[in-house]
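This report concerns only the one structure given below.
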Amino acid sequence: MDALLNLRQLVDDFFLFVQSKSIEIYNEFSLQHELGIFLREKLPDYRIQFERNVSYFTPDNKTIKKEIDITIFNEDKSEKYAII
């Protein structure tokens, strides 16, 4: 699966899934957790990690946000995605 082309659709699918299964999202952490579990199921060839330091993506230490909420990357790290 090409995550680059499907990540936006996967996020849309996640919200439909939450609605159909009556999964309760009640704060930012529960959203991250449920989305991460969903993405792990849908993207078995990718790693899903939480609260990764922004230095994983950029050496710029002047970023406003210091951690990426959800990081998605393939085994050789040729593809890296961030959900913030």
Side-chain angles (χ1 to χ4, degrees):
M1 176 180 285
D2 183 7
L4 180 61
L5 298 177
N6 292 310
L7 189 55
R8 182 181 210 130
Q9 183 62 52
L10 285 169
V11 171
D12 289 343
D13 291 348
F14 165 73
F15 285 105
L16 293 173
F17 175 77
V18 166
Q19 186 177 22
S20 72
K21 300 292 182 186
S22 298
I23 295 172
E24 190 174 341
I25 304 287
Y26 49 90
N27 62 22
E28 182 183 358
F29 177 76
S30 69
L31 172 63
Q32 290 175 6
H33 182 78
E34 296 293 348
L35 179 56
I37 291 169
F38 180 83
L39 291 173
R40 281 184 177 148
E41 271 187 26
K42 300 295 183 183
L43 299 170
D45 296 332
Y46 291 79
R47 292 196 183 179
I48 311 298
Q49 296 180 343
F50 299 92
E51 300 297 322
R52 185 111 192 195
N53 192 287
V54 296
S55 64
Y56 186 68
F57 287 91
T58 179
D60 181 7
N61 62 1
K62 295 178 183 168
T63 59
I64 294 171
K65 188 159 173 90
K66 299 299 178 198
E67 293 175 339
I68 304 297
D69 294 332
I70 299 175
T71 304
I72 305 162
F73 58 94
N74 62 353
E75 178 119 5
D76 68 1
K77 298 182 179 85
S78 61
E79 295 179 64
K80 296 180 187 177
Y81 306 95
I83 298 176
I84 54 172

Do Y56 and L7 share a hydrophobic cluster, counting only Ile, Leu, Val, Met, Phe, Trp and Tyr and linking them when any side-chain heavy atoms are less than 4.5 Å apart? no
Quiz: residues 68-76 side-chain donor-acceptor pairs under 3.5 angstrom, not counting sequence neighbours:
unit_1 : atom_1 : unit_2 : atom_2 : d
D69    : OD1    : Q32    : NE2    : 3.2
D69    : OD1    : K65    : NZ     : 3.3
N74    : OD1    : K77    : N      : 3.0
N74    : OD1    : S78    : N      : 3.0
N74    : OD1    : E79    : N      : 3.0
N74    : ND2    : D76    : OD1    : 3.1
N74    : ND2    : S78    : OG     : 2.9
D76    : OD1    : S78    : N      : 2.9
D76    : OD1    : S78    : OG     : 2.7

Gap separating the CG atom of L35 from the CD1 atom of I25, nearest 0.5 angstrom: 8.5 Å
List in chain and number order the residues that pass side chain to side chain contact (heavy atoms under 4.5 Å, CB included) with S55, two or more places apart in sequence or in another chain; answer none if no residue qualifies. N53
Does K21, at its NZ atom, have more than 12 non-hydrogen atoms belonging to other residues, nucleotides or ligands within less than 6.0 Å? no
By ring pair (Phe, Tyr, Trp, His ring centres under 6.0 Å) - contacts of F29 (at least two apart): H33
Hydrophobic cluster mates of L16, side-chain heavy atoms under 4.5 angstrom, ILVMFWY only, any path? none
Distance, nearest 0.5 Å, that separates OH of Y81 from CG of L43: 9.5 Å
Taking transitive links into account, so neighbours of neighbours count too, which hydrophobic residues share a cluster with I37 at under 4.5 Å side-chain distance? none
Restricting to side chain to side chain donor-acceptor pair (under 3.5 Å), what partner residues turn up for D12, sequence neighbours left out? none
Looking at every heavy atom in both G36 and F50, which two are closest together, and how far apart are they? CA-CZ, 3.7 Å
Mind checking side chain to side chain donor-acceptor pair (under 3.5 Å) for Q49 and listing every partner two or more places apart, or none if nothing turns up? R52
From CD1 (I48) to OH (Y46), nearest 0.5 Å: 9.5 Å
With sequence neighbours excluded, what pairs up with F38 under the ring pair (Phe, Tyr, Trp, His ring centres under 6.0 Å) test? F14, F17
Calculate, to the nearest 0.5 Å, the distance between atoms CG and NZ belonging to D13 and K42 respectively. 7.0 Å
Are more than 12 heavy atoms from other residues, nucleotides or ligands located less than 6.0 Å from atom CZ of R47? no
